[in-house]
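Contents: one structure, followed by commentary.
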Amino acid sequence: MARFDLDGKEIKPLSICLIGGGGFIGSHLCEKLMEETSHKVIVIDVSDEKIKHLFNQSCSWFNRIEFHKINIKNDSRLESLIKISDLTINLAAICTPADYNTRPLDTIFSNFVDAIPVVKYCTESKKRLIHFSTCEVYGKTIGSFLPKNHPLRQDPDFYLLKEDASPCVFGPIEKQRWSYACAKQLIERLIYGESAENGLKFTIVRPFNWIGPRMDFIPGVDGPSEGIPRVLACFSNNLLRGEPLKLVDGGQSQRTFLYIKDAIEAVVLMIENPSRANGQIFNVGNPNNEVTMKQLADMMIKVYAKVSGVSEADLSTVDISSKDFYGEGYDDSDKRIPDMTIINKQLGWNPKTSLEDLLEATLSYQHTTYSEAIKNAISKPSL
Ligand code: NAD
Ligand code: UDP
């Protein structure tokens with residue numbers, strides 16, 4: 001079936017080079033592109049675990065997707081795959097906060113140095129680039145520097161994050177948490193500079209805590225036992241094991257959560273509407289889904305009890321210091337509410353799914369996918 005862009009023009013099938021397409025966001029984007037469009041996708045990643053289900057010969061899209069097991073740090077095939085594509089989307093990154101303060105060099109190389117050749121090849125071959133940055137480039141809100149009960153903390157000018165107006169406020173260098181945000185900011189500036197000086201056509205995406213099925217890993221099941229994924233997977237792991245959910249520094253930090261399926265609709269709009277997306281930096285989040293981490297934990301306990309049949313009375317939370325949880329050099333973003341004016345104006349996109357609904361869909365998936373494996377892992381005697 002023919003597809004039309006927001007200006008009523010027919011969309012021609014594209015060839016898309018999807019770097020880091022084997023991860024959480026990539027897996028959902030591949031599914032959407034295969035199921036609902038006729039674009040071709042060339043996936044580059046070091047792992048295909050999360051997209052294996054799409055490579056079944058019986059799928060109608062079998063000839064429209066290919067996987068290249070490539071580490072972009074050191075593989076000459078990268079350049080040729082970018083050159084044969086119409087569009088490159090770069091998702092590859094180390095993007096779990098537990099790594100930012102403990103592996104700052106890997107974090108900076110992954111988010112800045114390794115992304116440079118991708119930008120360069122796109123500029124040289126005059127190919128469009130959609131680059132994934134992060135909401136973390138905003139860092140802390142200005143309001144966080146005011147006294148705790150100061151009335152200006154309630155004023156949106158002191159917390160709302162705007163692509164074209166808000167500053168990027170990071171902590172001191174010894175707080176290595178900011179290695180990620182700083183690397184992402186610098187690659188944004190490099191892309192912006194390539195556009196200004198050399199005509200690169202780009203779109204930068206700043207995701208605000210996109211969550212859903214297949215995010216990260218469950219420690220000891222499909223990831224290392226001692227690994228620390230992002231909060232959705234940490235809390236899911238605690239729920240599956242019947243352990244208390246750990247609230248870092250009391251769980252007072254605030255986040256807005258966006259359902260991955262809503263987010264992917266925004267990305268497809270960017271892919272298919274270059275004249276509206278080129279040259280733009282987009283916040284992509286759900287300002288209506290704001291909670292503290294304590295509120296998130298309480299909601300997840302309620303929803304998990306509902307979908308799993310486990311008694312709510314058996315589930316609880318516990319406070320832990322950030323130093324004990326993440327180690328030295330951790331710091332936190334206090335609050336992240338995206339201003340949606342630009343994406344709304346350019347692409348007419350708005351998020352749809354409430355936090356309660358997205359948690360229900362996601363925790364049903366976690367329970368179905370992992371509860372047996374966890375039971376087996378727990379029943380095995382430790383060596
Ligand atoms: P993810 O870790 O699930 O996916 C990243 C993928 O990149 C992984 O499959 C990984 O194997 C691959 N990769 C990393 N280094 C590579 C290399 N050198 N060569 C080849 N492949 C490599 O993470 P995600 O949540 O899907 O995030 C994707 C992008 O979006 C990242 O750039 C991240 O910084 C950004 N982002 C995501 C969120 C979110 O809410 N999920 C928030 C902010 C920013
Ligand atoms: N967090 C928590 N318990 C956990 C994992 C994370 O309280 O088990 C907190 C973390 O300190 C941060 C928030 O949850 O304040 C979101 O963390 P995440 O790792 O998802 O990424 P971030 O939004 O900080 O990039």
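One-based numbering, in listed order, for ligands and for the atoms of each. Just so it is clear, the structure is predicted and the values come from calculations on it, not from any experiment. If you read the sequence from its start, that first residue is 1, and numbering goes on from there.
Annotation for Tyr138 and Arg206: closest pair OH-NH1, 2.9 Å, computed over non-hydrogen atoms. Of all heavy-atom pairs between Arg241 and Pro219, the closest is NH2-O, 2.7 Å. Contact between Ala115 and Ile187 at its shortest, heavy atoms only, is CB-CD1, 3.7 Å. Closest heavy-atom contact between Cys135 and Asn209: SG-OD1, 4.1 Å.
The 4.0 Å heavy-atom shell around ligand 1 contains residues Gly20, Gly22, Gly23, Phe24, Ile25, Asp45, Val46, Ile70, Asn71, Ile72, Leu91, Ala92, Ala93, Cys95, Phe132, Ser133, Thr134, Tyr180, Lys184, Pro207, Asn209, Trp210, Arg230, ordered by chain and number.
Residue Ser333 places no heavy atom under 4.0 Å from ligand 2.
Residues Ile51 and Glu31 are not in side-chain contact: their nearest non-hydrogen atoms beyond the backbone lie 4.5 Å or more apart.
The protein non-hydrogen atom at the shortest distance from atom 6 (C) of ligand 2 is Tyr326 OH, 3.3 Å. Closest to atom 18 (P) of ligand 2 among all protein heavy atoms lies Val231 N, 3.7 Å. Of the protein's non-hydrogen atoms, the one nearest atom 9 (C) of ligand 2 is Met293 CG, 3.9 Å. Nearest protein heavy-atom neighbour of atom 21 (O) of ligand 2: Pro97 CG, 3.4 Å.
For the residues Arg255, Arg230, Gln254, the heavy atom positioned nearest atom 24 (O) of ligand 2 is part of Arg255. With distances taken over non-hydrogen atoms, the option nearest atom 11 (O) of ligand 2 out of Tyr330, Phe257, Tyr100 is Tyr330.
Atoms of ligand 2 found under 4.0 Å from any heavy atom of Lys246, numbered from 1 in the order shown, are 2 (C), 3 (N), 4 (C), 7 (O), 8 (O). Shown in contact with Val248 at under 4.0 Å from a heavy atom are these atoms of ligand 2, numbered in order with element: 1 (N), 2 (C), 3 (N), 7 (O), 11 (O). Against a heavy-atom cut-off of under 4.0 Å, Asp332 is close to the following atoms of ligand 2: 11 (O), 12 (C), 15 (O). Contact atoms of ligand 2 toward Phe235: 3 (N), 4 (C), 8 (O) (distance under 4.0 Å to a heavy atom of the residue). Distances below 4.0 Å separate heavy atoms of Glu136 from the following atoms of ligand 2: 25 (O). Which parts of ligand 2 touch Ser253 is read off a 4.0 Å heavy-atom cut-off, strictly below it: atoms 15 (O).
Exactly one of Asp332, Asp331, Asp334 qualifies for a side-chain hydrogen bond (donor to acceptor under 3.5 Å, both in side chains) with Lys140. That residue is Asp331. Test Phe112, Phe170, Tyr100, Tyr330 against Tyr180 for ring-ring contact (aromatic ring centres under 6.0 Å, His included) and you get one pass: Tyr100.
The closest donor-acceptor contact from the side chain of Ser85 to the backbone of Thr88 lies at 3.5 Å or more, if one exists at all.
Aromatic ring centres of Tyr304 and His367: separated by under 6.0 Å.
The proximity of Arg177 to ligand 2, defined as any non-hydrogen pair under 4.0 Å, is limited to the side chain. With a 4.0 Å heavy-atom cut-off, ligand 2 is reached by the side chain of Asn209 but not by its N, CA, C or O.
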Show your reasoning for whether salt bridge (Lys or Arg N to Asp or Glu O under 4.0 Å) applies to Lys294 and Asp298. CA-CA 6 Å; Lys294 165 89 177 94; Asp298 291 342; 3.0 Å; yes

Asn286/Phe208 under side chain to side chain contact (heavy atoms under 4.5 Å, CB included): CA gap, chis, key distance, verdict: CA-CA 8 Å; Asn286 188 336; Phe208 279 65; over 6 Å; no

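Open room surrounds NZ on Lys201; 12 or fewer heavy atoms of other groups in view lie less than 6.0 Å from it. Taking a 6.0 Å sphere around NZ of Lys120, one finds it holds 12 or fewer heavy atoms contributed by other residues, nucleotides or ligands.
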